[in-house]
Number of protein chains: 2
Amino acid sequence: MKFSTKGTYGLRAVVELAKHYGEGPVSLAAVAAEQGISEAYLEQLMRSLKNAGIVKTTRGKAGGYLLTREPQRISVLETLRALEGSTDIADCVGSDASVCENACTCSARPLFLKLQSRINAVLEETTIGELTEDHIEQKKRIEHARLS
Amino acid sequence: MKFSTKGTYGLRAVVELAKHYGEGPVSLAAVAAEQGISEAYLEQLMRSLKNAGIVKTTRGKAGGYLLTREPQRISVLETLRALEGSTDIADCVGSDASVCENACTCSARPLFLKLQSRINAVLEETTIGELTEDHIEQKKRIEHARLS
DNA sequence: TCAAAAGTCAAGTGTTTTACTCGACTATTG
DNA sequence: CAATAGTCGAGTAAAACACTTGACTTTTGA
């Protein structure tokens with residue numbers, strides 16, 4: 001039940017792009033440097049995000065990555081699905097429950113279903129826009145505390 | 001973000017014990033057979049559950065495992081913690097957030113905290129007693145459907 | 001009293017997943 | 001046309017997972 005670095009780094013990268021939304025493309029190197037992530041690894045994650053239609057790119061000089069939509073219109077659920085393939089906590093939740101032989105008799109399944117629906121609710125209602133606002137707020141508070 | 005077999009098997013084993021609550025000890029072999037889990041692996045899980053005070057044992061002939069309390073008084077959170085060590089989705093939630101260098105500036109952290117509190121709420125409010133009832137209900141329904 | 005039934009424990013092992021890296025390539029632009 | 005920037009597939013070391021093994025100890029009933 002641990003979050004992978006893929007999800008975490010990917011989310012942070014998308015928030016980084018959100019911070020520059022409307023300002024033109026941001027290069028991979030810039031995002032990697034800002035977030036302290038290896039360029040080669042981040043590129044893989046960006047590829048997934050691109051395939052999922054969350055980011056788009058321009059090549060050549062002054063090229064880079066951009067969000068395809070406003071940050072408020074990108075959900076965390078969508079982003080995480082792009083990065084990790086699925087956000088399902090078990091194979092017996094979700095559409096293809098047939099993978100679990102005794103899905104209908106396993107005593108843990110009702111719990112899994114309840115948990116999954118609560119998790120999905122949070123991931124669906126939270127947007128990249130919100131995470132970005134939180135992040136900016138947080139940085140302001142730290143700056144303020146440091147100065148006093 | 002996948003549930004391990006430790007958690008799943010362990011939960012199922014505890015529910016199995018709950019089904020026989022008040023009827024004296026159930027042997028490891030019996031639980032393993034009923035749930036289709038390897039005895040040797042299950043023994044490991046039972047050990048964790050014992051150390052956590054969720055089950056107790058009697059040795060020798062006719063010995064086996066018993067719950068230390070009524071099923072309604074054992075939460076899923078407690079059980080899962082015993083089995084998996086922790087139910088935290090990331091190192092930066094929970095008491096020791098210092099393991100994450102940039103805990104206070106990571107833009108994913110607010111999401112993690114929200115998610116974790118929702119997950120814990122479910123795990124805390126759900127008891128082994130409830131899972132056991134659900135399971136018995138479910139088996140009845142299947143039996144009924146099969147006969148008609 | 002001793003053998004069979006049952007739990008206890010630490011260590012070992014094969015497989016899978018994670019978290020990366022590497023190198024060769026393509027597109028764009030000043 | 002060369003420098004900049006994204007694209008792609010494959011490779012790899014380390015960790016986590018899902019077990020197995022074997023050598024014990026404890027209890028009890030015949």
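Residue numbers start from 1 in every chain, and the chains themselves are labelled A, B, ... in the order their sequence lines are given, proteins ahead of strands. These numbers come from the heavy atoms of this one structure, side chains and all, not from hydrogens, waters or symmetry mates. These figures come from a predicted structure and were not determined experimentally.
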Seminar exercise, completed: Within residues 14-28 of chain A, those residues having any heavy atom closer than 4.0 Å to DNA chain C are none
[X] versus [Y], closest heavy-atom pair with distance:
X     : Y      : answer
A:L83 : A:G10  : CD1-CA, 3.6 Å
B:A82 : B:I54  : CB-CD1, 3.9 Å
B:T8  : A:A108 : CG2-CB, 4.3 Å

Exercise. Should the pair A:R69-A:E78 be classified as a salt bridge under the 4.0 Å nitrogen-to-oxygen rule?
Worked result: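 Salt bridge flag = yes for A:E78 with A:R69.
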Exercise. Quick one: do A:K139 and A:E143 make a salt bridge, cutoff under 4.0 Å?
Worked result: no
Side-chain N or O of [X] versus OP1/OP2 of [N]: is the shortest distance under 4.0 Å?
X     : N      : answer
A:S38 : C:dA19 : no
A:Y9  : C:dC20 : yes
A:K50 : D:dG6  : no

Take atom [atom1] of [X] and atom [atom2] of [N], then tell me their distance rounded to the nearest Å.
X     : N      : atom1 : atom2 : answer
B:N51 : C:dG7  : CG    : P     : 15 Å
A:L42 : D:dC8  : CG    : P     : 15 Å
A:Q44 : D:dG9  : CD    : P     : 11 Å
B:L45 : C:dC9  : CG    : P     : 15 Å
B:L66 : C:dG7  : CG    : P     : 10 Å
A:F3  : C:dT17 : CZ    : P     : 19 Å
A:R47 : C:dC25 : CZ    : P     : 16 Å
B:E39 : C:dT8  : CD    : P     : 13 Å

Compute whether any side-chain donor of one residue and acceptor of the other, for [X] and [Y], lie under 3.5 angstrom apart.
X      : Y      : value
B:K50  : B:T57  : yes
A:T132 : A:Y21  : no
B:Q138 : B:H135 : no

Might you list the N or O atoms of the protein lying below 3.5 Å from N or O atoms in nucleotides 14-17 of chain D, with each pair's distance?
none

For this session: Select one nucleotide: of C:dG7, C:dT29, D:dC8, the one nearest the side-chain heavy atoms of A:K61.
Result: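 Closest of the options to the side chain of A:K61: C:dT29.
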Exercise. Of the nucleotides C:dT8, C:dC9, D:dG6, which one has an atom closest to the side chain of A:T57?
Worked result: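 Among C:dT8, C:dC9, D:dG6, the one nearest the side chain of A:T57 is D:dG6.
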For this session: With DNA chain D as reference, determine whether A:E43 or A:G60 sits nearer its 5' end, using the nearest nucleotide of each.
Result: A:G60
Problem set entry | Any donor-acceptor N/O pair under 3.5 Å between C:dT26 base and A:R59 side chain | yes
Exercise. Once you round to the nearest 0.5 Å, how far does CZ of A:F3 lie from SG of B:C92?
Worked result: 10.5 Å
Exercise. Under 4.5 Å between any side-chain heavy atoms of A:E125 and B:K114, yes or no?
Worked result: yes
